[in-house]
Protein chains: 2
Amino acid sequence: MDTIADTSRTDKRGRDTRSAIRKQALALFAERGYGAVSMRDIAEAAGIRQGAIYNHFAGKQDLLADLMISHLDRLLAALVRAVPAGGDPMRRLEAFASFHVGYHLDQPDDVVIADMELRSLEAGRRGAEVHALRDRYAGVLATILEDGRRTGRFQTPNAKVQAGALIAMMTGITVWSRDGAALTREAVTAHYVQMVMQSVGLIWPLGEEAGCSTAQ
Amino acid sequence: MDTIADTSRTDKRGRDTRSAIRKQALALFAERGYGAVSMRDIAEAAGIRQGAIYNHFAGKQDLLADLMISHLDRLLAALVRAVPAGGDPMRRLEAFASFHVGYHLDQPDDVVIADMELRSLEAGRRGAEVHALRDRYAGVLATILEDGRRTGRFQTPNAKVQAGALIAMMTGITVWSRDGAALTREAVTAHYVQMVMQSVGLIWPLGEEAGCSTAQ
DNA sequence: TCGTTATGAACGGTCGTTCATTCATCTATG
DNA sequence: CATAGATGAATGAACGACCGTTCATAACGA
């Protein structure tokens, strides 16, 4: 009832209307924010008229929820592929940080919606699903931190708090990455990975004879 | 022309209408977001009718800009009071982190507006002013980091990048601080300070004989 | 009285959504 | 193959609601 049938077929002109709506809505929501985008704007960007959207989505809220959930599904699937489930916490933390930064540099629109428009998503079944997916993502990082803390390798005060803090730090990339032309993708990733690793008390980069002096 | 005369006088019932509007608008914007709050909502919360708001503010945009700028003014003034302008970068960094976390725990509504509603603020004189104030704040932290890096005490890849990252990290508090009942204010602050200090490569807390082993 | 503030109706717009209708395409039948 | 019905998508006008803002008017403190 929430969503129209999920089959995305192509119409006579070879366009996939449903995908076009999603694509344009994503770009517009990310650029102006949910509240500042009208269904007419989305329709125009997608090359159709206002009424046609309702053949594919139950409404504006359904469209937003669809974008968020599909983004989070893809994000979690990619995370599982990029970060080993077990093993050395240090390597897993590095993999997580590297993955998160890379994903945010590649898909800034998806990410900014899922982060900034949570308030625009009305409570309900879909809202709860979105929050559950977000919690699952943060939970992966919290588990890594907790494993590292338990084995004495990480200097972390509280795994859950730090997971939230590190995700906030790395997600902030989307705020200033517009003018990040001065830094290459590799440099940005390396900087963030270094900060994350150091934030749990590790010496980073590995192999560097960083002074251990507690000189004040 | 932007704002009505700044004199905030009390009306016959002893209330300060202008302050009431600001207070209620702040709470509503923070709770629902700028776009989801109407001038009628604000008027009702402030105990007046819709038209009366325009005796005190030129419009909805002017109201938002006023809230942001006044918040940033207070934030910067408090920052200058809390963080020494010169001296040991390590102490200044600790002071900055402690101040920032404390302020965000105390004034979550002001902070969430200045961070999340930047998109809702239309460009122009006021918008530029807001951005300038935000840059000034981040600049204070960047200077501390740069001083620490230059004197070899901080292990930081790029002061400007790290300043943005640390501010994003510490500002994320407002996202989850709703359910932070499990942690005291002091504990949260200590955790964040520790993460910040460690993120620049320092051993923290001070005086702890944390292992310096680069064991992998 | 004078200046400031509050009122509440009104204005022009825009919003999300609905709906009768048209149309192109697919499928089943002869 | 030809035809008729079924299906789903696109249209564009319309609806009621709400938006930010204006303004003539009234009330009230100094």
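Keep in mind that the numbers below use all heavy atoms, side chains included, and drop hydrogens, waters and symmetry copies. Just so it is clear: chains get the letters A, B, ... in the order the sequence lines come, proteins before strands, and each one is counted from 1.
Distance NZ (A/Lys60) to P (C/dT18): 15 Å, rounded to an integer number of Å. Put simply, OH on A/Tyr54 is 14 Å from C1' on D/dA14, counting in whole angstrom units. Distance CZ (A/Arg18) to C1' (D/dG8): 14 Å, rounded to an integer number of Å. At whole-Å resolution of the value, CG in B/Asp16 and C1' in C/dA6 are 15 Å apart. Atoms CG (B/Asn55) and P (C/dG8) sit 14 Å apart, rounded to a whole Å. Note: CZ (A/Phe57) to P (D/dA10) measures 12 Å, nearest angstrom. Distance B/Ile53 CD1 to D/dC23 P: 17 Å, rounded to the nearest Å. Rounded to an integer number of Å, the gap from CD1 of A/Ile42 to P of C/dG16 is 8 Å.
Contacts of A/His104 classified as ring-ring contact (aromatic ring centres under 6.0 Å, His included), with partners at least two apart in sequence or in another chain: A/His100. B/Phe96 meets the ring-ring contact (aromatic ring centres under 6.0 Å, His included) test with B/Tyr137; sequence neighbours excluded.
The nucleotide whose nearest atom lies closest to any side-chain atom of B/His56 is, among C/dA6, D/dA10, D/dG20, C/dA6. Among D/dT11, C/dG8, C/dA6, the nucleotide with an atom closest to any side-chain atom of B/Ala52 is C/dA6. For B/Thr17, taking side-chain heavy atoms from C-beta onward, the closest of the listed nucleotides D/dT21, C/dA6, D/dT11 is C/dA6. Comparing D/dT11, C/dA10, C/dT17 against the side chain of B/Gln50 picks out C/dA10 as the nearest.
Under the 3.5 Å distance criterion, with hydrogens and angles disregarded, no donor-acceptor pair is assigned to the side chains of A/Thr189 and A/Arg185.
Distances shown here put a side-chain N or O of A/Arg49 below 4.0 Å from the OP1 or OP2 atom of D/dG12.
Using a cutoff of 4.0 Å between basic side-chain nitrogens and carboxylate oxygens, A/Asp115 and A/Arg134 are scored as salt-bridged. Salt bridge present: A/Glu146 and A/Arg149 bring a charged side-chain N and a carboxylate O closer than 4.0 Å. Ion pair A/Asp109/A/Lys23 not flagged as a salt bridge, since none of the NZ, NE, NH1 or NH2 atoms sits closer than 4.0 Å to an Asp/Glu carboxylate oxygen. Note on A/Lys60 versus A/Glu117: no salt bridge recorded, every NZ/NE/NH1/NH2 to OD/OE distance being 4.0 Å or above.
Residues of residues 25-41 of chain A having a heavy atom closer than 4.0 Å to DNA chain C, listed by number: A/Val37, A/Ser38, A/Met39, A/Arg40.
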